[in-house]
Amino acid sequence: MDELDRFYMQAALEEALEAYEVGEVPIGAVVVRRGEIIGKGHNRRETWKDPTAHAELLAIREACQQLGGWRLTESTLYVTIEPCSMCAGAIVLARIPRLVYGAQDPKAGAVDSLFDLVRREDLNHRVEVTSGVLEDECRALMREFFQELRGKS
């Protein structure tokens, strides 16, 4: 496993921890371009009462604002959990060439688990995918969050 991938996934995990601390599903994301984090985000669906406030979309939006454009070529998106269909679509539309994620999402994953939106031959952009980076840490954070949530009810 590439050390840079581990380093940036750790930054995404820090974003996920921020989500956890405010009661959000602990998913974090960072966009890296030329060795610099240009966008970061963590889930804010509950806080903002917004179904689109996913970590990936917030990181992509911030990166686009930083660059002053919507094309995130030369960028890599690091996210702790496999993106859903909405986020996978945004990755393709933003022209992000590389996605690195930690753990699969068997119930909503749209990269490897349920289907693959980012490598479809019939789309005008395909994404290189690396999975399993800090997988155990990413999965453990989700497991702990949901165990704690179930314990409260």
Side-chain angles (χ1 to χ4, degrees), residues 1-105 107-120 123-142 145:
M1 186 178 316
D2 184 277
E3 276 308 307
L4 277 177
D5 284 348
R6 293 174 62 84
F7 176 81
Y8 291 119
M9 185 60 73
Q10 188 59 51
L13 268 168
E14 289 170 18
E15 283 293 315
L17 283 169
E18 285 189 41
Y20 190 114
E21 290 171 4
V22 296
E24 294 278 1
V25 174
I27 299 173
V30 296
V31 177
V32 176
R33 185 172 187 259
R34 298 179 182 164
E36 178 186 351
I37 294 175
I38 60 170
K40 56 187 178 177
H42 57 270
N43 275 9
R44 295 177 188 247
R45 290 187 316 172
E46 301 300 327
T47 304
W48 292 357
K49 311 294 186 236
D50 178 353
T52 69
H54 287 208
E56 300 95 322
L57 292 184
L58 300 179
I60 288 169
R61 286 177 188 150
E62 185 174 287
C64 290
Q65 289 173 349
Q66 282 284 105
L67 295 179
W70 60 269
R71 288 179 187 88
L72 295 179
T73 57
E74 301 181 55
S75 299
T76 299
L77 174 67
Y78 291 85
V79 61
T80 56
I81 301 297
E82 178 184 2
C84 70
S85 57
M86 176 179 65
C87 295
I91 292 164
V92 170
L93 293 173
R95 308 298 194 266
I96 295 172
R98 184 166 182 251
L99 165 68
V100 179
Y101 73 86
Q104 288 189 337
D105 182 349
K107 295 186 179 195
V111 175
D112 289 314
S113 295
L114 297 178
F115 40 87
D116 180 0
L117 286 180
V118 300
R119 292 174 287 221
R120 290 182 55 102
L123 294 178
N124 64 344
H125 178 74
R126 278 161 292 295
V127 180
E128 175 190 333
V129 177
T130 301
S131 61
V133 177
L134 300 183
E135 180 177 6
D136 293 340
E137 294 90 329
C138 294
R139 183 178 289 115
L141 187 59
M142 291 288 281
F145 175 81

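Atom set for the values below is all heavy atoms of this structure, side chains included, hydrogens, waters and symmetry mates excluded. Small disclaimer: the values here were computed from a predicted structure and weren't measured.
Of the possible polar contacts, none joining the Arg33 side chain to the Thr76 backbone as a donor-acceptor pair under 3.5 Å is found. Here the side chain of Ser75 pairs no donor or acceptor atom with the backbone of Ile96 at under 3.5 angstrom.
In terms of heavy atoms, Gln104 sits closest to Ser113 at CB-OG, 3.5 Å. The two residues Ala110 and Cys84 have their closest heavy-atom pair at CB-C, 3.5 Å. A pairwise comparison of heavy atoms in Ile38 and Gln66 identifies O-CG, 3.1 Å as the closest pair. Nearest heavy-atom pair, Ala88 versus Pro83, reported as atom, atom and distance to 0.1 Å: N-CB, 4.1 Å. The heavy-atom pair separating Arg45 from Pro51 by the smallest distance is CD-O, 3.7 Å. The two atoms that bring Pro97 and Leu72 nearest to each other are CD-O, 3.6 Å, heavy atoms only.
Residues Pro26 and Met142 form a side-chain contact, since some pair of their non-hydrogen atoms from C-beta on lies under 4.5 Å apart. With a 4.5 Å cut-off on side-chain heavy atoms, Glu62 and Val30 do not count as touching. Here the side chains of Val118 and Asp116 are in contact, with some heavy-atom distance below 4.5 Å. Taking the side chain as every heavy atom from C-beta outward, Cys138 and Met9 approach each other to under 4.5 Å. Taking 4.5 Å as the limit, some side-chain heavy atom of Ser131 sits within range of a side-chain heavy atom of Asp112. Counting only heavy atoms from C-beta outward, the side chains of Val111 and Ile91 never approach each other to under 4.5 Å. In this structure, the side chains of Leu58 and Trp48 come closer than 4.5 Å at one or more pairs of heavy atoms. With contacts defined as side-chain heavy-atom distances shorter than 4.5 Å, the pair Arg44/Asp50 does not qualify.
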| said: Using the rule given for side chain to side chain contact (heavy atoms under 4.5 Å, CB included), can you reason through Leu117 versus Val127, listing the C-alpha separation, both sets of side-chain angles and the distance that settles it, and then say yes or no? | reply: CA-CA 9 Å; Leu117 286 180; Val127 180; over 6 Å; no
| request: Check the pair Leu13, Leu134 against side chain to side chain contact (heavy atoms under 4.5 Å, CB included), reporting the backbone distance first and the verdict last. | output: CA-CA 9 Å; Leu13 268 168; Leu134 300 183; 3.9 Å; yes
| task | Take Arg98 and Thr130, measure what side chain to side chain contact (heavy atoms under 4.5 Å, CB included) needs, and give me the verdict at the end. | result | CA-CA 8 Å; Arg98 184 166 182 251; Thr130 301; 3.2 Å; yes
| task | Test side chain to side chain contact (heavy atoms under 4.5 Å, CB included) on Tyr8 and Val100 and set out the steps. | result | CA-CA 9 Å; Tyr8 291 119; Val100 179; over 6 Å; no
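For the atom pair CD (Glu24) and NE2 (His42), the distance works out to 7.0 Å, reported to the nearest 0.5 Å. The CG atom of Asp105 sits 7.5 Å away from the CG atom of Leu114 when rounded to the nearest 0.5 Å. Rounded to the nearest 0.5 Å, atoms CZ (Arg71) and CG (Leu93) are 11.5 Å apart. Atoms CG and OH, on Leu4 and Tyr78 in that order, are 6.5 Å from each other to the nearest 0.5 Å. In this structure, Thr52 OG1 and Leu57 CG are separated by 6.5 Å, a value rounded to the nearest 0.5 Å. Here the CD atom belonging to Glu82 is positioned 14.0 Å from the NZ atom belonging to Lys107, to the nearest 0.5 angstrom.
Counted within 6.0 Å of CZ on Phe115, heavy atoms from surrounding residues, nucleotides or ligands total more than 12; the atom is thus considered enclosed.
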